[in-house]
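Have a look at the structure below, then the notes.
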Amino acid sequence: MNTPPIQTLIILLGPTGIGKTALSEVIADHFQTEIISCDSRQLFSEMSIGTAVPDDQLLKRIPHHFIRSHSIFDSYNAARFETDVIDLLQTLFAKNPVILMTGGSMLYIDAVCKGIDDLPDIDPELRSTISERHKNFGIDHMRAELKLLDPVYYREVDLQNPVRILHALEICYTTGRTFSSQRTKTVKERNFRILKIGLNRDRSELYDRINQRVDEMMQNGLEQEARKLYPFKHLNTLNTVGYRELFEYFDGDCTLAQAVEKIKANTRKYARKQLTWFRKDTEINWFHPDQEQEIIQFISN
RNA sequence: ACGGGUGUAGCUCAGUCGGUAGAGCACUGGUCUCCAAAACCAGGUGUCGGGCGUUCGAGUCGCUCCUCCCGUG
């Protein structure tokens with residue numbers, strides 16, 4: 001068996017529902033390695049059905065990392081993921097020169113590959129204070145505040161997008177410095193090789209798989225899982241496809257059937273968004289999920 | 001069979017006095033260095049059921065055929 005010359009992180013990526021999990025099992029078996037999940041929602045132990053976590057048999061047979069490892073009451077973000085994965089990789093590479101990371105969280109993948117600027121976590125109290133101000137005084141007020149505190153970023157940012165404006169303000173208030181001065185966008189050098197494998201297939205086929213998987217999630221008890229989380233629906237982590245639509249149903253804003261249709265539509269939309277992001281990444285080597293042998297051969301060369 | 005209604009974008013529907021059709025969702029594309037399965041931006045994709053007629057001009061008016069629905073038989 002050929003193995004790549006140096007320590008290699010294989011990244012298996014693609015839109016939701018494309019077939020990453022099945023292929024990750026094949027690749028992990030072939031290289032006798034472990035799997036790092038790169039999924040910003042499979043992290044949370046309370047959200048298993050709606051995030052299509054691999055089944056227990058697979059999780060038992062092949063060690064997986066960052067699956068059900070955190071609670072929805074913990075705060076987590078891409079920067080933490082970068083730190084955690086880079087730390088873990090040092091341990092894993094000591095045992096095996098090839099490690100597989102699989103998932104579709106675009107920002108998290110980039111954080112691992114290129115690094116992310118070192119910015120502080122935001123204190124929840126400050127976050128809610130700023131969010132309240134936005135609610136009470138409106139977006140124009142927040143824009144004016146940003147223009148005053150960080151005129152450079154004010155000129156760059158999408159002024160239509162409250163989330164961007166509010167986050168910049170959070171950083172300004174937390175650090176006492178402008179957000180723009182801390183946004184260096186420096187690409188970090190990694191001491192291992194990165195091999196990106198992208199999966200894609202016909203759009204209609206992908207949509208069929210997505211629709212079918214949502215039906216399966218419902219059969220597997222997604223409604224009950226969401227019902228348990230309903231009391232915490234205000235948490236940002238639960239502003240997630242598959243859960244927020246069911247919360248609308250619990251609120252009486254739509255029927256169950258309508259909620260399921262919305263989950264399907266929003267999942268398709270998410271898949272498109274992922275493809276838009278991945279499309280511009282020239283490092284990705286694209287394959288059809290059925291090309292198992294070709295992919296393994298490609299990795300081995 | 002007769003009477004009434006209906007037919008416009010993939011779906012649900014709007015369309016004034018006759019002036020070559022528009023909204024939501026779907027769909028498609030894009031932005032994005034940290035709450036990212038989030039947030040934001042852009043794009044109308046059409047044999048107006050078919051045909052004939054009136055008119056300078058018909059989604060709109062008339063006739064006719066067809067579809068589906070309701071009622072009566």
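Chain A is the first sequence line, chain B the second, and so forth, proteins listed ahead of strands; every chain is numbered from 1.
Using a cut-off of 4.0 Å between Lys/Arg side-chain N and Asp/Glu carboxylate O, Asp253(A) and Arg244(A) are scored as not salt-bridged.
Between rG59(B) and rG50(B), the distance separating the two C1' atoms is 14 Å to the nearest Å. When the C1' atom is used for both rA58(B) and rC25(B), the distance is 30 Å, rounded to whole Å. Taking the P atoms as reference points, rC70(B) lies 15 Å from rC13(B), given to the whole Å.
Nearest nucleotide to the Leu119(A) side chain, out of rC40(B), rA26(B), rC34(B): rC34(B). Nearest to the side chain of Tyr270(A), among rA38(B), rC35(B), rC34(B), sits rA38(B). The His167(A) side chain lies nearest to rC35(B) when the options are rC40(B), rC35(B), rA26(B). The nucleotide whose nearest atom lies closest to any side-chain atom of Val163(A) is, among rU33(B), rC34(B), rA39(B), rA39(B). Taking the side chain of Arg244(A) as heavy atoms from C-beta on, and the options rU28(B), rA38(B), rU31(B), the nearest nucleotide is rA38(B).
Rounded to whole angstrom, the span from the CZ atom of Phe179(A) across to the C1' atom of rC32(B) amounts to 11 Å. Taking atom CD of Glu156(A) as the reference point, atom P of rC32(B) lies 11 Å away to the nearest angstrom. One can place CD of Glu170(A) at 18 Å from P of rA38(B), the figure rounded to the nearest angstrom. The distance from atom NZ of Lys280(A) to atom C1' of rU31(B) is 7 Å, rounded to the nearest whole Å. Protein atom CD1 of Ile171(A) is 8 Å distant from nucleotide atom C1' of rC34(B), rounded to whole Å. When rounded to the nearest whole Å, the span between CD of Gln258(A) and C1' of rG24(B) equals 14 Å. One can place NZ of Lys262(A) at 16 Å from P of rG24(B), the figure rounded to the nearest angstrom. Put simply, NE2 on His134(A) is 16 Å from C1' on rC35(B), counting in whole angstrom units.
Across all strands shown, Arg183(A) has heavy atoms under 4.0 Å from sugar-phosphate atoms exclusively, and none from any base. Within the 4.0 angstrom heavy-atom criterion, no nucleotide atom of any strand lies near Gly242(A). Across all strands, Ser131(A) comes closer than 4.0 Å to no nucleic acid atom at all (heavy-atom distances). Contacts of Tyr76(A) with the nucleic acid, taken as non-hydrogen atoms under 4.0 Å apart, involve only primed sugar atoms and P, OP1 or OP2. Residue Thr16(A) is classed as having no contact, given no heavy-atom separation below 4.0 Å to the nucleic acid. If you check every strand for non-hydrogen atoms under 4.0 Å, Asp110(A) touches nothing. Across all strands shown, Asp74(A) has no heavy atoms under 4.0 Å from either base or sugar-phosphate atoms.
Residues Ile171(A) and Thr175(A) approach most closely at O-OG1, 2.7 Å, considering heavy atoms.
In this entry rG71(B) has rC2(B) as its Watson-Crick or G-U wobble partner, both defining distances falling under 3.5 Å. Across all strands shown, rG46(B) forms no Watson-Crick or G-U wobble pair with both key distances under 3.5 Å. Across all strands shown, rA23(B) forms a Watson-Crick or G-U wobble pair with rU12(B), both key distances being under 3.5 Å. Look at rC40(B): its Watson-Crick or wobble partner, with both distances under 3.5 angstrom, is rG30(B). The partner of rG59(B), taking Watson-Crick or G-U wobble pairs whose two distances both stay under 3.5 Å, does not exist in any strand shown.
For the OP1/OP2 pair of rG29(B) and a distance below 4.0 Å, the side-chain nitrogens and oxygens of Arg279(A) include at least one atom meeting the criterion. Within the structure, every side-chain polar atom (N or O) of Arg272(A) is placed at least 4.0 Å from both OP1 and OP2 of rG30(B). An OP1 or OP2 oxygen of rC34(B) is reached within less than 4.0 angstrom by no side-chain nitrogen or oxygen of Tyr108(A). One finds a side-chain N or O of Tyr207(A) lying less than 4.0 angstrom from the OP1 or OP2 phosphate oxygen of rU28(B). Side-chain N/O atoms of Arg80(A) include none lying less than 4.0 angstrom from OP1 or OP2 on rC34(B). The phosphate of rA36(B) has neither OP1 nor OP2 within less than 4.0 Å of any side-chain N or O from Asn239(A). Listed pair Thr276(A) / rG30(B) meets the phosphate criterion, a side-chain N or O lying under 4.0 Å from OP1 or OP2. In this model, the phosphate group of rA38(B) is approached by a side-chain N or O of Lys273(A) to a distance below 4.0 Å at OP1 or OP2. Considering only side-chain N and O atoms, Arg164(A) lies nowhere under 4.0 angstrom from the phosphate OP1 or OP2 of rA36(B).
Classified by interplanar angle (parallel below 30°, tilted 30° to 60°, perpendicular above 60°), the ring pair Tyr230(A)/Phe247(A) is tilted. Ring geometry for Phe93(A) versus Phe192(A): interplanar angle of 30 to 60°, hence tilted.
Follow the hydrophobic side-chain contacts under 4.5 Å out from Ile11(A) and you reach Trp286(A) in the same cluster. Residues Ile284(A) and Ile36(A) are members of one and the same hydrophobic cluster, defined by side-chain heavy-atom contacts under 4.5 angstrom among Ile, Leu, Val, Met, Phe, Trp and Tyr.
Ring-centre distance between Phe73(A) and Phe232(A): below the 6.0 Å cut-off.
Looking at heavy atoms from C-beta onward, Glu292(A) lies out of side-chain contact with His30(A) at the 4.5 angstrom threshold.
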